[in-house]
Amino acid sequence: MDMNEIKEIFFQECEEQLAELESGLLKLNDGDRDPETVNAVFRAVHSIKGGAGAFGLDDLVSFAHVFETTLDCVRSNRLEPNQDVLKVMLKSADVLADLTNAARDGGSVDEARSRQLIKELEALANGELPQAAAAEPVAKPAPVAAPAPAPAPAPVVNEEGFQPVAFSFDEFEANEPPAVEPSTFEILFRPKSELYAKGNDATLLLRDLSRLGEMSILCDMDELPALGSMNPEAAYFAWKISLKTDKGEDAIRSVFEFAEWDCELEVTLAGDPANAGEELPMQPVPFDLSLLDEEAPATAGASEDEEQAVAQREARDEALSAAATASKVLQMAQTARASAESAKSATPVSAAQAAAQQAASAATPTIRVDLDRVDRLINLVGELVINQAMLSQSVIENDTNGTSSINMGLEELQQLTREIQDSVMAIRAQPVKPVFQRMSRIVREIADMTGKSVRLVTEGENTEVDKTVIDKLAEPLTHMIRNAVDHGLETPEKRVAAGKNPEGTVRLTAKHRSGRIVIELADDGAGINREKVRQKAIDNDLIAADANLSDEEIDNLIFHAGFSTADKISDISGRGVGMDVVKRSIQALGGRINISSKPGQGSVFTMSLPLTLAVLDGMVVTVANQTLVVPLTAIVETLQPEASAIHSFGASQRLISIRNSFCPLVDVGRILNFRAIQANPVEGVALLVESEGGGQRALMVDAIQGQRQVVIKSLEANYTHVPGIAAATILGDGRVALILDVDAIVAASRGHSLKPEMSLAAAG
Amino acid sequence: MTYVAKNLTTSGRELIAFRAGGQEFCVNVMSVREIRGWTPATAMPHAPSYMLGVINLRGAVLPIIDFSARLGMKPAEPTVRHVIIVAQVKSQVVGLLVDAVSDILTVSDGDIQPTPDIASDFERSFARGVLAIEGRMICLVELDQVCPQEEREAA
């Protein structure tokens, strides 16, 4: 693994930490005062700082450090996390995300903004608590990656404030600050298995600790299970340490700085009555301090310049002592097991607690997998499904008695492949949470810019969708959220005048509905101003001045491309900016979007999207002996044309009348050049489709075979783009079927030619 | 089967020879992925006549080119006896419909004669050279020129 890969992993982790940070801050914002939430937030920033230090990302480290300092004030209840404080922190989280992205992609950051926030964070830490700021100077943070020297004990701060004092490192090393009265600490150190998983070594920590002063250690082996049920990667030992030191509690804690989250650590002053009552019913085993001595294992190799006899004797001694240690360990294990058993029967509560703890730590074991590998697996499973279908078909064709064991086996195979396919698809599924979280940032920014007060409520953020859908969801959602805040919500004054809460609410909801994901964006703003939208449409020649449109039709006008010219319509209080772009990107995802708006009460945008992009709902049709697939999202309805409904229009055009309006008929076989003459519409089926631009067409096909989900295969990979064809798929019989590009077909029927752009290299 | 093993030097290369439209051709073995039987293809709209359509190659969409029609000869009428040579051309994989695969030849560069000085640019652009083996003439084919290429549109 090279440096870049390690760095990439760090950035991936950063992303998770940033998400954790933001969700934690939002929880706090909602009034959650759980210390664990504060800890999680602190931990996130701390981990980013640690990693960034290791990679020398100084900007990131210094910002994270200031942020961490302020968070520490919250953690230690020295700073109340009220709305104002959290506002600064949420902005800081945004800047931290920017800095991380900049460090990853080499982009630039708004430095003025980060400087401003550093100031605000420092002010928070200082304003409430000058002592903390002095104890931990924030101006010049040290990169944490270097093994941090134990910080000097907090100097006594005078009333006037912080006085910088020059000091050199030599002084620091040689001349320890005047000692506090030596006192004895009781330390309980119980590592979790994560500690070892991260490459930390408990004995090294104990050794560091022993350097602080006079120390005695007891090893607690209560947790040690029977040898057979021992998990080699688990942590079973705990240590009870009694340390007499003049360095103070901070120095002790700093020894465990990097292990803090991976162990239980209790540091108490000896003689503290709170501690005395808590004496654990363990059978402590004396711990040999010399084992901590790093020179100890070297004795065996030190015989080189000694006399042979000495070496031999030493070797023998060592063998003996090794045997003795072994038997001692065995003995210890036995006593430990006995005591563990007695402890279990005596205190069932603690066992339950331990179990609960274990359950908590095993909550979400995950692995990181390269997306390419998953894609490959999905492709292979797709092929398996097709092959299985082909096999079934040929067996059914050749099977005369119908009850053979082959048939039974095939059915089971079919079930298995279906299950494998579902499970593999589920690998790519991820909660929409990250996108929703990004939206809260957009809301904050837009609210700041427009001077509006907005609350974003998200629901169903754990609804799962395919990763590719999630990735492509961010852009249209950003647009829509911007619109909702900018155009949808009124200013606080107007809201108060209308008898509403001055704070506007934007509600983002995700849920599963019949094999699709439905995302709703609702605001409690003024709703669409239909008069203005209508006037705008008339001005842009989109509709006739006397057109009689329903409210819904007017609302849908905002999706029209004519509404996207930004400067002209920025004064429209309704919606419009870029909504055509939104609609197009939703459609590109195979989705649909609807609006419902109530004047004075707000608007709701509803998006319905497929759960994955690899699969499409299609209608399988026959055209001129070819099997084609028409995406179901494009089809409004299907109908059997009657002769009386077909009207000729000029030389070659034909129209079909549907509920008193005329819709052009398009023969798919003719437009794709599969046949020379138009088919008789009465013999076929018409699919009423709606294209991107909103235009309706009746596509004539010969017959409908049925609806089914198809796996999308690229045509471009080995061939070229084919006008009128969106992609290909493979049917159950193993043959390739083409998926129709409805928009291109409709455009072609409008006179844009479907001329093949493809050119197979013509000679010369 | 004729196996020409003369001059198996460092510059020796293996070619796969096949028949199409009554003539013999060969391509570098390194660009051939597999050889398979003919299966009916799905027609492509607006495709040139030599483009027979696409078939399913273990989940991938494989375009099939009628090799003799591509070279301007009489189109093949595919039967189950015809074979498809699946070839890798740059990043694309295409299938060439030919009458039959005949030989695997090992030749040295010296065995390849330059394309004869013929009038037609058309044939010249497909041929990288000719081989004379036991009285037969085998045309070494430049696959790049046979297969679909999108970037050629502008040219």
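The sequence lines fix the lettering, A, B, ..., with proteins before strands; numbering per chain opens at 1.
- At a heavy-atom cut-off of under 4.5 Å, chain A is reached by B:Pro40, B:Ala41, B:Thr42, B:Ala43, B:Met44, B:Pro45 from residues 34-45 of chain B, listed in order of number.
- Under a cut-off of 6.0 angstrom, the local environment of NZ in A:Lys472 is sparse, with at most 12 non-hydrogen atoms contributed by other residues, nucleotides or ligands.
- Partners of A:Ser392 according to the side chain to side chain contact (heavy atoms under 4.5 Å, CB included) rule, which considers only residues two or more places apart in sequence or in another chain, are A:Gln388, A:Leu410.
- Applying the side chain to side chain contact (heavy atoms under 4.5 Å, CB included) test to A:Arg373 and every residue at least two apart in sequence or in another chain returns A:Val369, A:Asp370.
- Remark: B:Ile85 CD1 to B:Phe25 CZ distance equals 11.0 Å, nearest 0.5 Å.
- Legend: residues meeting side chain to side chain contact (heavy atoms under 4.5 Å, CB included) with B:Ala87, ordered by chain and number and at least two apart, are B:Leu143.
- For the side chain to side chain contact (heavy atoms under 4.5 Å, CB included) test with A:Leu628, the passing option among A:Leu672, A:Thr622, A:Ile739, A:Val620 is A:Leu672; the others fail.
- Within the 4.5 angstrom heavy-atom criterion, only backbone atoms of A:Ser714 (N, CA, C, O) approach chain B.
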